[in-house]
Undergrad: 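Handing you a structure now.
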Amino acid sequence: MRILVLGGDGYLGWPVALHLSGRGHEVGVVDNFARRQYDFEMGVDSLVPITHLQHRVRVWEEVSGLRVATYVGDLTDAPFVHRTIKEFHPDAVVHFAEQRSAPYSMIDQNHAVYTQVNNVVGTLNLLYAIADVDPSIHLVKLGTMGEYGTPNIDIEEGFIEITHRGRTDLLPYPKQPGSFYHLSKVHDSHNIMFACRIWGLRSTDLNQGIVYGQETPETVLHPDLATRFDYDGVFGTVLNRFCVQAVIGHPLTVYGKGGQTRGMLDIRDTLACVELACNNAPEPGEYRVFNQFTESFSVQQLAEMVVDAYPGNAEVVHLEDPRVEKEEHYYRAAHTKLLDLGLVPHLLSTRTLSALLSVVDRHRDRVDLTAIQPTVKWRSTASALPTSGGVLETEPSDA
Ligand code: NAD
Ligand code: USQ
């Protein structure tokens, strides 16, 4: 298949692009390097050094003999999106290209507005381009498990059958997201479902859980093929952060009681899930949702697993939760659709954690201690962080 990976310079987009290329698909990547810009803005960096996209693509060609087409541009630029879809003419578009940090979206009004404009407008431009160029192109969109929030009932895969006053319907599952970022994904989901209904597009919304890990079979082929690894208080995700904290001897920062429970998956399963979705396209007009995670854990359980797997001494500290979220709650979410398509999960084991801890150990000298503490508080509308005066610029200005 011809597959265009949007956000192909990111943590997940890059290894997914390599995986799909290695599996024989014709792959193109699109990125505007916004993620590298957030690093400059926050004064942080990936723990594992990453090379420029153009260099990584050249190294991949040397290592594998396979070409990956590169498009540099911004999804909020409608003519760019239209041109790229028309020129590459993919069978499937895998859309990772969004601002993906909940804390970043909660820094202040500018960052909330930036996140929602970037994510919602980018996806809308993509929907229009697909509808205009070729409605049969399959949109594989990265959503998030956080769209559902933490209701006191079982979470279904996208839809729930409701009987109300004697009548029954299959309706979108209620959404109660926990940040302006997670809300942007809800807005996307509604727009995509609507576009499928009115224009006959086909789409798979992958409601992904929290990803952990750094190495994939393709990225380990050469050091210059590494993907990024974030551990800071804004972009670092929980298990990746706990591994870094253990290695540098910082107490593991459990927010609040630690009963917050989330769906999780290994980065290698992200690659497999995306390929399964691409290989099994929905019917024209169909909007479907897969819950893309393999296991769920509470934050406290994750911390204890890291403490047990780390060969040295590691301890846990409970910080006041900077977020507004339930610190103890019921959590049971369906996730059978990808398993039915053949997903064989890599479950979280001591072996997986040891491999991740050794990646961190190799780069421990690069850890910036000042980046560990959480700095963004949900309840405050102004943040302690130095913020830019306006919406983040992703393209050089004339000045
Ligand atoms: P990332 O920030 O590392 O990658 C996203 C990429 O998209 C970056 O390279 C960025 O430069 C690019 N991008 C952002 N806005 C763009 C725009 N307007 N035009 C062009 N490129 C743009 O994030 P990631 O961790 O790889 O996540 C990828 C996707 O998966 C996101 O949509 C995220 O919401 C979703 N997701 C991630 C996780 C996780 O744990 N990392 C979990 C669930 C869902
Ligand atoms: N947490 C801690 N200590 C930490 C960091 C986080 O206790 O040091 C807690 C948070 O309070 C939260 C949970 O861990 O309860 C998860 O936080 P996270 O930062 O790992 O994940 P989240 O903000 O939900 O976002 C991440 C990705 C996002 C993706 C989402 C999937 O950044 O792109 O959409 O995971 S999900 O959680 O399923 O919505």
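Order of appearance sets the numbers: ligands from 1, and atoms from 1 within every ligand. Below, each value reflects all heavy atoms present in this structure, side chains not excepted, and no hydrogens, waters or symmetry copies.
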Undergrad: Is there a path of hydrophobic side-chain contacts, each under 4.5 Å between heavy atoms of I, L, V, M, F, W or Y residues, that connects I267 with W14?
TA: yes
Undergrad: State whether the side chain of Q208 and the backbone N or O of T270 hold a donor-acceptor pair below 3.5 Å, judged by distance alone.
TA: no
Undergrad: Tell me the protein heavy atom at minimum distance from atom 38 (O) of ligand 2, and give that distance in Å.
TA: M145 CB, 3.2 Å
Undergrad: Show the distances, to 0.1 Å, for all pairs joining an N/O atom of ligand 1 and a protein N/O atom that are shorter than 3.5 Å, listing one pair per line.
TA:
residue  : atom   : partner : partner atom : Å
ligand 1 : 3 (O)  : Y11     : N            : 2.9
ligand 1 : 9 (O)  : G10     : N            : 3.3
ligand 1 : 9 (O)  : D31     : OD1          : 3.3
ligand 1 : 9 (O)  : D31     : OD2          : 2.7
ligand 1 : 11 (O) : D31     : OD1          : 2.6
ligand 1 : 11 (O) : A34     : N            : 3.1
ligand 1 : 11 (O) : R35     : N            : 3.0
ligand 1 : 15 (N) : N118    : ND2          : 3.1
ligand 1 : 18 (N) : D74     : OD1          : 2.9
ligand 1 : 18 (N) : N118    : OD1          : 2.7
ligand 1 : 19 (N) : L75     : N            : 3.0
ligand 1 : 21 (N) : N32     : N            : 3.3
ligand 1 : 21 (N) : N32     : OD1          : 3.1
ligand 1 : 25 (O) : R100    : NE           : 2.8
ligand 1 : 26 (O) : Y11     : N            : 3.4
ligand 1 : 26 (O) : L12     : N            : 2.8
ligand 1 : 32 (O) : F96     : O            : 3.2
ligand 1 : 32 (O) : K185    : NZ           : 2.7
ligand 1 : 34 (O) : Y181    : OH           : 2.6
ligand 1 : 34 (O) : K185    : NZ           : 2.9
ligand 1 : 36 (N) : Q208    : NE2          : 3.4
ligand 1 : 40 (O) : V211    : N            : 3.0

Undergrad: Just let me know how K185 lines up against ligand 2, side chain, backbone, both or neither, with a heavy-atom cut-off below 4.0 Å.
TA: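 Contact part for K185 vs ligand 2: neither.
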Undergrad: Specify the protein heavy atom at minimum distance from atom 15 (O) of ligand 2: its residue, its atom name, and the distance to 0.1 Å.
TA: E325 OE1, 2.8 Å
Undergrad: Taking only heavy atoms of A102 into account, list the atoms of ligand 2 that are under 4.0 Å away from them.
TA: 23 (O)
Undergrad: How far does OG1 of T123 sit from CG of L75, to the nearest 0.5 angstrom?
TA: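 Here the interatomic distance stands at 7.5 Å.
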Undergrad: Kindly indicate, with the supporting measurements, whether the criterion side chain to side chain contact (heavy atoms under 4.5 Å, CB included) is fulfilled by R366 and F229.
TA: CA-CA 12 Å; R366 287 172 54 87; F229 186 88; over 6 Å; no
Undergrad: So, R268 and T216: side-chain donor and acceptor under 3.5 Å apart, yes or no?
TA: no
Undergrad: According to the interplanar angle, ranging from 0 to 90°, do the rings of Y104 and Y114 count as parallel (below 30°), tilted (30 to 60°) or perpendicular (above 60°)?
TA: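 Rings of Y104 and Y114: perpendicular, over 60°.
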Undergrad: When you compare the side chains of E98 and S184, does any donor N or O come within less than 3.5 Å of an acceptor on the partner?
TA: no
Undergrad: Are more than 12 heavy atoms, taken from residues, nucleotides or ligands other than Y128, located less than 6.0 Å from that residue's OH atom?
TA: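 Not buried by this count: 12 neighbours or fewer within 6.0 Å.
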Undergrad: Does either side chain, that of T204 or that of H138, offer a donor lying less than 3.5 Å from an acceptor on the other one?
TA: yes
Undergrad: Which is it for T253 and F242 under the side chain to side chain contact (heavy atoms under 4.5 Å, CB included) test, yes or no, and what are the steps along the way?
TA: CA-CA 7 Å; T253 54; F242 286 171; 4.0 Å; yes
Undergrad: Which residue is it: R2, E275, H19? I am looking for the one with a side-chain hydrogen bond (donor to acceptor under 3.5 Å, both in side chains) to H25.
TA: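 That would be E275; it is the only one of R2, E275, H19 passing the side-chain hydrogen bond (donor to acceptor under 3.5 Å, both in side chains) with H25.
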Undergrad: Decide side chain to side chain contact (heavy atoms under 4.5 Å, CB included) for L319 and Q373; before the verdict, give the C-alpha distance in whole Å, the side-chain angles of both, and the deciding distance to 0.1 Å.
TA: CA-CA 10 Å; L319 303 182; Q373 289 297 321; 3.8 Å; yes
Undergrad: Going by heavy-atom distance to atom 4 (C) of ligand 2, choose the closest among Y181, Y104, Y255, Y148.
TA: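 It is Y255 whose heavy atom sits nearest to atom 4 (C) of ligand 2.
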Undergrad: Say whether Q208 and ligand 2 are in contact under the criterion: heavy-atom distance to a ligand atom below 4.0 Å.
TA: yes
Undergrad: Please compare D321, V244, T150, T253 and report which has the shortest non-hydrogen distance to atom 3 (N) of ligand 2.
TA: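 Looking at heavy atoms only, T253 sits closest to atom 3 (N) of ligand 2.
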Undergrad: Using a strict cut-off of 4.0 Å, indicate which atoms of ligand 2 neighbour a heavy atom of G209.
TA: 31 (C), 38 (O)
Undergrad: Among all protein heavy atoms, pick the one closest to atom 26 (C) of ligand 2 and tell me residue, atom and distance.
TA: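 Looking only at protein heavy atoms, the one closest to atom 26 (C) of ligand 2 is T237 CG2, 3.7 Å.
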Undergrad: For residues 311-318, please give each side-chain donor-acceptor pair under 3.5 Å, one per line with the distance, not counting sequence neighbours.
TA:
residue : atom : partner : partner atom : Å
H318    : ND1  : G256    : O            : 2.7
H318    : NE2  : Q300    : OE1          : 3.1

Undergrad: With nothing but distance in play, are any N or O atoms of G146 less than 3.5 Å from an N or O of ligand 2?
TA: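 Checking ligand 2 against G146, an N or O pair does fall under 3.5 Å apart.
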Undergrad: Nearest protein heavy atom to atom 36 (S) of ligand 2, by residue and atom, and its distance?
TA: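 Heavy-atom neighbour on the protein nearest atom 36 (S) of ligand 2: T144 OG1, 3.3 Å.
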Undergrad: Tell me the protein heavy atom at minimum distance from atom 9 (C) of ligand 2, and give that distance in Å.
TA: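 The closest heavy atom on the protein side is V299 CG2, 3.8 Å.
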Undergrad: Check ligand 2 against R262 and write out every atom of the ligand that is under 4.0 Å from a heavy-atom position of the residue.
TA: 15 (O), 37 (O)
Undergrad: Might you work through the side chain to side chain contact (heavy atoms under 4.5 Å, CB included) test for L271 and E218, ending with a clear yes or no?
TA: CA-CA 11 Å; L271 315 184; E218 294 79 18; 3.9 Å; yes
Undergrad: What is the closest protein heavy atom to atom 33 (O) of ligand 2, and at what distance does it sit?
TA: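 I find the closest protein heavy atom is R100 O, 2.7 Å.
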Undergrad: Give me the residue, atom name and distance of the protein heavy atom closest to atom 20 (O) of ligand 2.
TA: V238 N, 2.7 Å
Undergrad: Is it true that, when you exclude R323 itself, more than 12 heavy atoms of the residues, nucleotides or ligands shown sit nearer than 6.0 Å to its CZ?
TA: yes
Undergrad: Just to be sure I read this right, does ligand 2 sit under 4.0 Å from the backbone of Q260, its side chain, both, or neither, counting only heavy atoms?
TA: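 Only the side chain of Q260 comes within reach of ligand 2.
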Undergrad: At what distance is the nearest protein heavy atom to atom 35 (O) of ligand 2, and which residue and atom is it?
TA: I210 CG1, 3.4 Å
Undergrad: Have a look at ligand 2 and work out which part of R323, if any, has a heavy atom under 4.0 Å from it: side chain, backbone, both or neither.
TA: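 Under 4.0 Å from ligand 2, R323 contributes side-chain atoms alone.
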